[in-house]
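Just below is one structure, and these are the notes that go with it.
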Amino acid sequence: MIDIKKLRDNPELVKQALRKRGYDLDVSLFSRLDGSRKSLQVDVENLQAERKKLSAEFGKLKSSGDPTDELKKIINSKNDKLSSKEDELQIIISQIDSFMLDMPNIPDDSSPEGSDESENVVIKKYGKIISTNKLDHLEITADIDTDLASKLAGSRFSVLKGDIAKLQRSLISFMLDNAIKNGYEEYYVPFMANTDSLIGTGQLPKFEQDLFKANENLYLIPTAEVPLTNLFRDEFLNEDDLPIKVTSHTPCFRSEAGSYGKDTKGLIRQHQFEKIELVQITHPDNSMTCLNELLSNACQILDALKLPYQVIELCKGDLGFSSAKTFDIEVWMPSQNKYREISSCSNFTDFQARRANIKFKNKDGNYYVHTINGSGLAAGRCLIALLENNYNGSDSIKVPSCLIQYFGSDTIKIN
RNA sequence: GGAGAGUUGGCUGAGUGGUCGAAAGCGCCUCCCUGCUAAGGAGGUAACUGGGCAACUGGUUCGAGGGUUCGAAUCCCUCACUCUCCGCCA
């Protein structure tokens, strides 16, 4: 949620900033709503103040034994007026609330201009593309079984067997240990989240169709960003404790509504996948520095795995709903002959902090923190990148040296 | 699943119809004292929000939502959550 004061004071400025990400802000609707809010609120508060005074008088009359009938009549008629005004005000306020909740974050000035992904900017390339392998991960190993998964659950699920399952587990352990080494505290969290949490991080109310709903108030998490960030919801944090760095490995669940026909084969786009998430709760003064640190924390994984990748900076038009600035890390997928997203590292500035009410106090006042997060990394996609890049073309896959201590061997034999 | 207790400020916790946005303690801030530190003393310190250039001045909020009442942290109803005991269970 953006600062409503900013919107009141500079609606045109906000409108222009949001236009760059393709959002058309209805300024006249907002000023109409906010105008009615203002006059109604003044009326309501005046009536409330009057009632307070009259009720106190009533109490005095009552205790001195004087008649109260006349005053009661006056108060009652004021109350009638008050409650109808209150109802009107309530309606306007809830309209303003949903207006604000539907509005995306304002892009950071430093994000490149552009209207869609074609205008994203490559800012770093790492590693040499050496694999000439054309086989995809399903063709390389039979131990990734999507047919079996469809018997169990349906399309967009997978069953991993034997060394492949173990390799994914090794990746997860390596990534977590790396995060811990970088100062993140590991958490184990619920894989379901309530609506307040999902509103806090920005998935609700706008993107309900992307989530799996378990019951009236519970959803499967689409990313550990949700539980990790909401650990701090409605908290006052210690300014000296910032930045707070936390991490967790969780499965992530996405309905992938609207992605029919996209990435239908293999593990690229699944309803359920494993991910290590990095989250930082930062001081607003240095959140961009923290974002760069988090980005390099994520890149370290691919460096260690020796997988070719590139980092791109999203242009304003391609930013996610809650983000002010985003770097995507894309790993080389030989079978597709292109880079695919394996992490998205974003600075949400105070957007999530406002929704989730995460603040710190110092002697000058109360301030919203900034929130930063990114995958470090998506384990499923990392697994297939590893298989495809490290396949020897016939019968084995090389295990990178950083994983050997977890996996227990330097090669995977395949049939 | 059964029975009971609870949810109050940054934290602990008192408060059963008006004098309560709320005692006390902790924490924090300012000052005094002290060679330094510790201890001690004085004062200050909830959040959100409206109006106003400002000084300032209103309103809301005691888990959430309804109700009773001139007036609700306090009484009634519904719901959520937490804890304890019993049952069941990985």
Side-chain angles (χ1 to χ4, degrees), chain A residues 1-10 30-101 188-200 204-205 213-219 227 230-242 244 281 283 350 352-369:
Chain A
M1 201 148 56
I2 74 157
D3 186 355
I4 195 165
K5 281 183 206 134
K6 205 180 220 170
L7 185 54
R8 275 185 199 132
D9 297 346
N10 291 302
F30 175 76
S31 64
R32 203 161 60 240
L33 286 172
D34 199 46
S36 337
R37 188 221 91 239
K38 195 169 182 170
S39 75
L40 279 168
Q41 186 166 337
V42 168
D43 289 353
V44 163
E45 289 180 2
N46 286 339
L47 284 164
Q48 283 171 332
E50 269 187 73
R51 179 182 60 188
K52 242 183 172 170
K53 280 198 195 96
L54 293 174
S55 285
E57 263 176 57
F58 186 100
K60 274 181 212 143
L61 289 184
K62 196 88 177 167
S63 62
S64 61
D66 291 328
T68 55
D69 289 3
E70 200 154 322
L71 186 53
K72 193 185 227 172
K73 254 184 232 164
I74 296 170
I75 294 175
N76 278 338
S77 83
K78 295 260 184 213
N79 275 346
D80 288 346
K81 212 185 288 174
L82 175 60
S83 71
S84 79
K85 288 275 187 191
E86 276 174 337
D87 291 348
E88 279 181 70
L89 179 61
Q90 206 39 59
I91 290 166
I92 296 289
I93 285 178
S94 67
Q95 283 171 345
I96 291 175
D97 283 349
S98 44
F99 185 88
M100 295 304 292
L101 285 175
Y188 173 81
V189 293
F191 300 160
M192 295 195 202
N194 57 26
T195 53
D196 284 347
S197 296
L198 287 153
I199 288 169
L204 289 180
K213 192 169 188 170
N215 69 29
E216 214 27 63
N217 190 43
L218 267 188
Y219 297 80
N230 279 284
L231 290 172
F232 308 99
R233 176 156 49 85
D234 293 324
E235 298 287 344
F236 271 99
L237 303 173
N238 223 322
E239 187 176 20
D240 297 337
D241 291 341
L242 303 178
I244 297 171
I281 310 293
H283 198 286
D350 60 356
Q352 292 181 326
R354 281 178 195 284
R355 291 178 160 242
N357 190 30
I358 308 173
K359 295 189 232 185
F360 67 88
K361 238 185 227 274
N362 65 26
K363 63 179 171 184
D364 300 323
N366 303 326
Y367 301 93
Y368 288 105
V369 298

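Chain naming here is simple, since letters A, B, ... match the order of the sequence lines and numbering starts at 1 in each. Side-chain atoms are counted along with the backbone in the values below, which use heavy atoms only and exclude waters and symmetry mates.
Picking from B:rU60, B:rG50, B:rC48 the nucleotide with the shortest atom distance to the side chain of A:N366 gives B:rC48. Of the candidate nucleotides B:rG50, B:rC70, B:rG10, B:rG10 has the atom nearest to the side chain of A:F236. With B:rG18, B:rG71, B:rG50 as the choices, the nucleotide that has an atom nearest any side-chain atom of A:F58 turns out to be B:rG18.
Between atom CG of residue A:L71 and atom CG of residue A:L61 there is a gap of 6.0 Å, rounded to the nearest 0.5 Å. Distance CG/A:L204 to CG/A:L198: 4.5 Å, rounded to 0.5 Å. Separating the OH atom in A:Y368 from the CG atom in A:D3 is a distance of 8.0 Å, to the nearest 0.5 Å. Between the CD atom in A:Q95 and the CD atom in A:Q90 there is a gap of 11.0 Å [rounded to 0.5 Å].
Atom CD of A:E45 and atom P of B:rG59 are 8 Å apart (whole Å). Summarising the geometry, the separation between CD1 on A:I75 and P on B:rU69 is reported as 14 Å, rounded to the nearest angstrom. Taking atom CG on A:D80 and atom P on B:rC70, their separation rounds to 12 Å, with Å as the unit. Rounded to whole Å, atom C1' of B:rG71 lies 16 Å from atom NZ of A:K78. Distance A:R51 CZ to B:rA72 P: 6 Å, rounded to the nearest Å. If you measure from atom CG of A:L40 to atom P of B:rG58, you get 22 Å, rounded to the nearest angstrom. Note: NZ (A:K85) to P (B:rG59) measures 18 Å, nearest angstrom. Spacing between atom CG of A:L61 and atom C1' of B:rG18 amounts to 13 Å, rounded to whole angstrom units.
Proximity of A:K52 to the phosphate of B:rU60: a side-chain N or O atom is located under 4.0 Å from OP1 or OP2. Contact annotation: A:N238 does not reach the phosphate of B:rG10 (side-chain N/O to OP1 or OP2, under 4.0 Å). For B:rA47, the OP1/OP2 oxygens have no side-chain nitrogen or oxygen of A:K359 closer than 4.0 Å. Between A:K38 and B:rG51 there is a side-chain N or O to OP1 or OP2 distance below 4.0 Å. Not one side-chain nitrogen or oxygen of A:N357 sits closer than 4.0 Å to the OP1 or OP2 atom of B:rA47. Taking 4.0 angstrom as the limit, A:N79 places a side-chain polar atom (N or O) nearer than this to OP1 or OP2 of B:rG71. Within the structure, a side-chain polar atom (N or O) of A:R8 is placed less than 4.0 Å from OP1 or OP2 of B:rG50.
Distance alone, capped at 3.5 Å, is enough to place a donor-acceptor pair between the A:N215 side chain and the A:L218 backbone. Between the side chain of A:R233 and the backbone N or O of A:A356, no donor-acceptor pair lies under 3.5 Å. Side-chain atoms of A:N230 come within 3.5 Å of backbone N or O of A:S197 as a donor-acceptor pair.
In this entry B:rG65 has B:rC77 as its Watson-Crick or G-U wobble partner, both defining distances falling under 3.5 Å. Shown here, B:rG50 forms a base pair with B:rU57; the pair counts as Watson-Crick or G-U wobble because both key distances fall under 3.5 Å. In this entry B:rC83 has B:rG4 as its Watson-Crick or G-U wobble partner, both defining distances falling under 3.5 Å. Nucleotide B:rU34: unpaired (no Watson-Crick or G-U wobble partner with both distances less than 3.5 Å). Pairing partner, B:rC11: B:rG25, with both Watson-Crick or wobble hydrogen-bond distances short of 3.5 Å. In a base pair of the Watson-Crick type (N1 to N3 plus N6-O4 or O6-N4) or a G-U wobble (N1-O2 and O6-N3), with each distance short of 3.5 Å, B:rC20 is matched with no nucleotide.
Applying the 3.5 Å distance criterion, the base of B:rG50 shares no donor-acceptor pair with the side chain of A:Q41.
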With the criterion being N/O to N/O and under 3.5 Å, what pairs connect the protein with nucleotides 75-81 of chain B, and how long is each?
none

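Each of A:R37, A:K38, A:R32 was compared with A:D34 under the salt bridge (Lys or Arg N to Asp or Glu O under 4.0 Å) criterion, and only A:R37 meets it.
No hydrogens or angles considered: nothing links the side chains of A:D87 and A:S84 as a donor-acceptor pair under 3.5 Å. Side chains of A:D234 and A:N357: a donor on one and an acceptor on the other come within 3.5 Å.
For the C1' atom pair drawn from B:rG27 and B:rC11, the interatomic distance equals 7 Å after rounding to whole Å. Using atom C1' as the reference point in both B:rA3 and B:rG59, the two lie 43 Å apart (nearest Å). On the C1' atoms, B:rU45 is 15 Å away from B:rG25, given to the nearest whole Å. When the P atom is used for both B:rC76 and B:rU68, the distance is 15 Å, rounded to whole Å. Look at the C1' atom in both B:rG1 and B:rC88: the space between them is 8 Å, to the nearest Å. Using atom C1' as the reference point in both B:rG13 and B:rA73, the two lie 14 Å apart (nearest Å). If you take atom P in B:rG67 and the same atom in B:rG10, they sit 28 Å apart, rounded to whole Å. Rounded to whole Å, the separation between the C1' atoms of B:rC81 and B:rU8 comes to 16 Å.
For the pair A:A56 and A:E50, nearest-nucleotide mapping onto RNA chain B gives the more 5' position to A:A56. Sequence order on RNA chain B of the closest nucleotides to A:N76 and A:G59 puts A:G59 first from the 5' end.
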